[in-house]
Student: 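Next up is a structure, given as structure tokens.
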Amino acid sequence: MLRFLVRRLLQAIPTLLILSILVFAWLRSLPGGPASALLGDKATPEKLANLNHVLGLDQPIFVQYFKFLGRAVTGDFGNSLVSSRPVMSEIGTFLPATIELGITAMIIAVVAGISFGYLAARFRGQIVDNVIIVLTLVGVAVPIFFLGYMMQDLLSTPLGLPSQGRQAPGIDATVVTHFAILDGMMTGEWDAVWDAIKHLILPALALATIPLAVITRITRASVLDVFNEDFIRTANSKGLTQPVVRQRHVLRNALLPVITTIGLQTGALLGGAVLTERVFNFRGLGFLLAEGIDKRDYPRLQALLLLGALVYVLVNMLVDISYGLIDPRVRVR
Amino acid sequence: MQQLRLTRTRRAALIGLAGALAVSLSACAESKRDESGGGGSGGTMVFGNTGNPKMFDPIFNDEGETFRITRQMLDTLIQNKPGTADLAPSLATKWTPSNDGKTWTFDLKQGVKFSDGTAFDAKAVCFNFDRWYNMKGATAQSQMIYYGDVFEGFKNNEGTTTGKPVYQSCEAKDDHTAVLNLTRAKGAFPAAFTLPSFAIQSPTALQKYNADKVTGSGTSITYPEYGYKHPTGTGPFKFESWDQGNGQITLVRNDTSTMPQPAKLDKLVFKVIPDENARKQALKAGDINGYDFPAPADYGLLRNDGEQVLIRPSFNVLYLGINQSGPNGAKLQNPKVRQALAYGINREQFVRSKLAEGSEVATEFVPKAISGYTDDVTKYPYDKDRAKQLLKEAGAEGMTIKFYYPTEVTRPYMPNPADTYTAISEDLKAIGINVQPVAESWNGGYKDDVQQNGKQDIHLLGWTGDYNDAGNFVGTFFGRKKPEFGFDNPDLFKALADADAAPAGDAHTKAYQDANKKIMDYLPAIPIAYPTPAIVVGPKIKGVVASPLTDERFDTVTIG
């Protein structure tokens with residue numbers, strides 16, 4: 001098993017190296033440059049040349065790459081050109097927001113998606129089913145940024161829910177972990193907890209929409225399949241009550257494909273988070289990435305893209321390892 | 001057992017529903033923004049910033065989003081009179097140039113203290129001037145964009161920085177008199193003393209927090225802690241905190257400030273909201289009390305909602321650049337072709353239909369508010385027939401030109417580049433010119449291609465002024481040969497250099513008026529419009545005076 005693990009780890013290294021070259025080459029091939037983005041309207045050829053020199057962007061591309069790689073392996077991705085703070089420290093500051101938003105959105109999507117999907121299947125062909133089917137179609141079709149703006153326009157003021165940021169300006173909550181709700185609970189600042197929850201509602205709803213719609217549809221289809229299974233007929237004919245049949249037999253069996261979908265949707269959530277965080281000014285990794293692209297912030301983009309790749313490689317490794325644990329034949333190969 | 005579980009589930013669902021309703025109701029109750037003034041005190045104003053500040057040592061900064069914040073904390077020797085680009089006393093009550101323009105004597109305001117309790121005096125002024133001039137390190141010098149522009153060099157130029165310094169020395173004659181000696185007269189003065197980069201900061205704080213230690217390695221620039229946590233000036237507000245995670249900068253009233261008086265607000269918060277639509281939503285939702293650069297298309301909507309849209313007097317210019325060394329440079333070198341372009345564009349209609357209220361047709365490259373502006377220049381009113389005739393005379397009928405315009409950007413002088421391109425290209429087509437459009441992303445190479453590579457025949461660009469001097473406009477554009485315009489006109493270059501060196505006053509103004517006449521005769525590019533950006537604040541905010549230089553001070557603001 002140990003040899004298998006080591007082999008998989010070693011295989012990940014060239015993958016990451018190739019990714020680092022691709023990310024580096026792609027960013028450098030983009031027209032414009034960080035110096036130009038940093039200097040804005042006042043950029044002159046002399047100022048650009050000066051800043052490019054200071055940033056080392058006038059050096060040969062392979063020199064720039066090896067310097068970058070040398071620092072990256074020690075976890076030093078340099079300072080952001082936008083904020084001039086160390087990129088890794090920025091990621092530490094902004095990651096909790098994305099986790100907070102993603103988890104909330106997935107809780108909404110899973111709870112509501114399974115409930116709606118089950119309801120639609122239970123009342124198949126009736127008005128409830130039709131309404132849910134139409135809504136899920138709309139949910140999948142509407143782009144997140146449009147939905148976000150609609151929510152801000154229509155829901156924010158009437159419900160008194162904040163449309164921007166993670167915290168109201170007057171709150172001044174103590175920051176411990178950067179998880180706003182957790183920090184408020186740890187320090188006993190319940191106003192801050194309440195405020196953080198309110199700030200989460202609209203962006204989480206916007207982000208939850210697509211997974212919610214997908215989970216609803218999969219649940220509905222799966223529940224309908226199970227309804228038609230022989231063992232349900234058997235359960236009914238044994239005289240079990242309907243609630244018992246539904247909970248013990250239908251839901252339990254129908255949930256297997258739903259759980260797979262939830263896994264896939266969780267992965268897809270990050271893409272949606274970029275747009276949601278941008279629209280709601282919810283300062284997480286998606287916001288950081290979008291701002292980095294706008295400003296051609298090379299250090300930040302390199303770190304974020306490589307971090308994404310690293311997570312992907314690690315997740316794949318975990319999957320492979322779990323296969324290996326389950327099926328010894330994989331290890332032998 | 002099954003029934004019991006169901007009951008629990010239902011109960012939980014009911015509790016959840018009740019909780020959600022409570023959230024909504026309580027939220028409704030505290031919806032609209034608190035503009036009551038915070039219980040009898042000055043209250044808190046929250047302003048929507050369009051971008052992140054870099055950090056708060058203004059000498060290393062060159063962009064408006066940072067300056068909007070540093071202006072509230074750090075004062076310059078001279079400032080702009082509220083609502084205008086005229087000069088007004090600030091830390092200096094009086095400024096006097098010598099006859100040759102090489103010495104400036106500042107009489108300083110008395111009884112002023114920095115927010116760390118140390119005294120503001122002539123020694124502090126000279127400490128700041130010396131600090132800038134003696135700045136070491138290529139990284140630090142490259143970040144001092146405005147100092148480099150205005151003072152043209154350092155004691156020891158490092159890296160790629162070159163130039164002969166304008167600064168010579170600073171003497172503290174007594175506590176309240178600072179004398180600045182220059183190596184030569186410079187037209188930018190005294191207006192450049194208003195630049196937020198040249199704010200006077202506490203020498204004690206600068207030294208204590210090692211403020212000059214700017215380092216660069218790889219693609220990174222690291223600034224000392226001073227700029228993030230300890231900016232120390234004499235202004236009506238002082239720094240309290242910068243929450244990076246929430247994009248929020250909090251300033252509090254500096255009760256010891258006498259510049260010009262303590263602020264009325266208790267707290268001033270800047271919230272970073274990059275998206276324009278999101279800023280609008282935040283204002284409507286009551287999350288912020290104002291923001292900058294509303295889209296002109298939203299002015300009416302905002303006013304209908306009761307917000308105050310304050311129009312700034314124009315301090316910028318939108319122009320159509322002409323590149324005489326571009327693909328069609330040979331034809332564009334012919335003055336008749338350039339004149340044909342100018343006569344062929346219906347600028348009146350464009351300004352009326354596409355720009356915000358208050359915008360005007362530009363007749364030259366400096367706005368009216370700038371000294372050096374003159375009405376006595378050659379004008380090119382819309383005349384389609386004359387344009388066609390000039391093209392015919394030049395043998396350029398049916399010529400094809402590459403017209404570059406930017407995308408993914410909104411600038412104060414160009415709210416909608418695509419609209420601007422469309423209007424102008426339709427006019428050019430109407431006089432028989434074939435237009436080849438080239439749209440490029442602003443940060444994706446547009447500026448590089450037009451300003452450095454000179455790939456275009458014509459292009460759209462503009463400029464927002466930094467201070468009240470014509471050289472900041474025409475000197476920047478046409479003071480020397482540049483890939484953007486591709487012409488070489490030694491006579492014009494000399495006129496602009498002479499104007500820059502002319503001592504402040506009437507001679508300086510006259511020199512720029514003459515240069516402006518020459519420019520409009522030669523027509524190296526076509527001034528299109530003086531657009532007017534705006535700032536928007538909530539209905540209960542009082543005391544904001546819209547500034548042409550985006551120099552709004554919030555010390556006069558009251559709520560309620």
Side-chain angles (χ1 to χ4, degrees), chain A residues 30-34 36-37 39-43 45 47-51 53-57 67-68 71 78-79 81-85 93-94 97 149 152-153 156-157 159-170 175 178 198 243-244 247 278-281 283 291 294-296 298-299, chain B residues 2 6 23-24 27-31 44 46 52 54-55 62-63 138-139 142 145 148 159-161 216-223 243-248 250 269 271-275 277-278 281-282 284-288 411 440-441 443-449 451-452 463-464 482-483:
Chain A
L30 292 174
S36 169
L39 289 175
D41 284 3
K42 310 295 180 195
K47 286 176 188 168
L48 287 169
N50 204 12
L51 195 53
H53 175 69
V54 165
L55 295 176
L57 294 168
K67 280 189 172 174
F68 153 72
R71 287 191 301 270
N79 291 8
L81 299 178
V82 177
S83 70
S84 63
R85 294 277 174 107
T93 306
F94 285 74
Y149 288 139
Q152 289 179 333
D153 262 339
S156 172
T157 308
L159 294 181
L161 292 173
S163 63
Q164 291 294 313
R166 293 180 69 200
Q167 187 189 82
V175 177
H178 291 287
K198 284 198 296 181
V244 173
Q247 276 229 330
R278 181 77 174 194
V279 170
F280 288 95
N281 195 30
R283 299 168 71 86
E291 194 184 58
D294 277 357
K295 300 273 186 188
R296 296 289 187 273
Y298 288 166
Chain B
Q2 188 66 42
L6 278 174
V23 171
S24 305
C28 279
E30 55 184 278
S31 68
T44 299
V46 185
N52 264 316
K54 188 165 144 189
M55 47 88 216
D62 65 331
E63 47 85 34
T139 308
S142 86
I145 300 287
T160 55
T161 304
S217 77
T219 52
S220 298
I221 295 173
T222 306
Y223 298 97
D243 180 350
Q244 291 267 344
N246 280 307
Q248 197 168 292
T250 305
V269 177
K271 196 144 182 75
V272 180
I273 308 176
D275 183 86
N277 195 53
Q281 296 299 343
K284 278 170 75 176
D287 296 342
I288 59 175
R411 310 304 306 160
E440 274 194 323
S441 149
N443 277 331
Y446 180 76
K447 283 182 295 166
D448 289 353
D449 276 350
Q451 291 194 306
Q452 291 198 80
W463 182 262
T464 300
K482 286 169 71 179

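Residue numbers start from 1 in every chain, and the chains themselves are labelled A, B, ... in the order their sequence lines are given, proteins ahead of strands.
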Student: With A/Arg85, which residues qualify under side-chain hydrogen bond (donor to acceptor under 3.5 Å, both in side chains), at least two apart?
Tutor: none
Student: Among B/Ala278, B/Ala138, B/Gly148, which residue forms the greatest number of heavy-atom pairs with chain A at distances under 4.5 Å?
Tutor: B/Ala278
Student: What residue in B/Asp449, B/Asn277, B/Thr222 has the most heavy-atom pairs under 4.5 Å with chain A?
Tutor: B/Asn277
Student: Check whether B/Glu63 gets within reach of chain A through its side chain, its backbone, both or neither, counting any heavy atom under 4.5 Å.
Tutor: neither
Student: Find the one option among B/Thr160, B/Asp62, B/Asp275, B/Asn52 whose heavy-atom pairs under 4.5 Å with chain A are most numerous.
Tutor: B/Thr160
Student: What pairs with A/Gln167 under side-chain hydrogen bond (donor to acceptor under 3.5 Å, both in side chains), at least two apart in sequence or on another chain?
Tutor: none
Student: Below 4.5 Å from any heavy atom of chain B, which atoms of A/His178 appear? Answer side chain, backbone, both or neither.
Tutor: neither
Student: So what's closer than 4.5 Å to chain A heavy atoms on B/Asp243: side chain, backbone, both or neither?
Tutor: side chain
Student: Give a yes or no on whether the backbone of B/Val272 and the side-chain of A/Asn281 come within a donor-acceptor separation of less than 3.5 Å.
Tutor: yes
Student: Would you mind checking which part of B/Asn246 comes under 4.5 Å of any heavy atom in chain A, side chain (CB onward), backbone (N, CA, C, O), both or neither?
Tutor: both
Student: Hey, are the side chains of B/Asp287 and B/Gln281 touching, using non-hydrogen atoms and a 4.5 Å cut-off?
Tutor: no
Student: Using side-chain heavy atoms (C-beta onward) and a distance below 4.5 Å, is B/Ile221 in contact with A/Ser84?
Tutor: no
Student: What are the two closest heavy atoms between A/Pro299 and A/Leu81, and how far apart are they?
Tutor: CD-CG, 3.8 Å
Student: With chain B, which of A/Phe280, A/Tyr149, A/Phe94 has the greatest number of heavy-atom pairs at distances under 4.5 Å?
Tutor: A/Tyr149
Student: Quick one: does any side-chain atom of A/Ser156 pair with a main-chain N or O of A/Pro162 as donor and acceptor, under 3.5 Å?
Tutor: no
Student: Quick one: which of B/Gln452, B/Gln244, B/Met55, B/Glu440 has the most heavy-atom pairs under 4.5 Å with chain A, could you say?
Tutor: B/Gln244
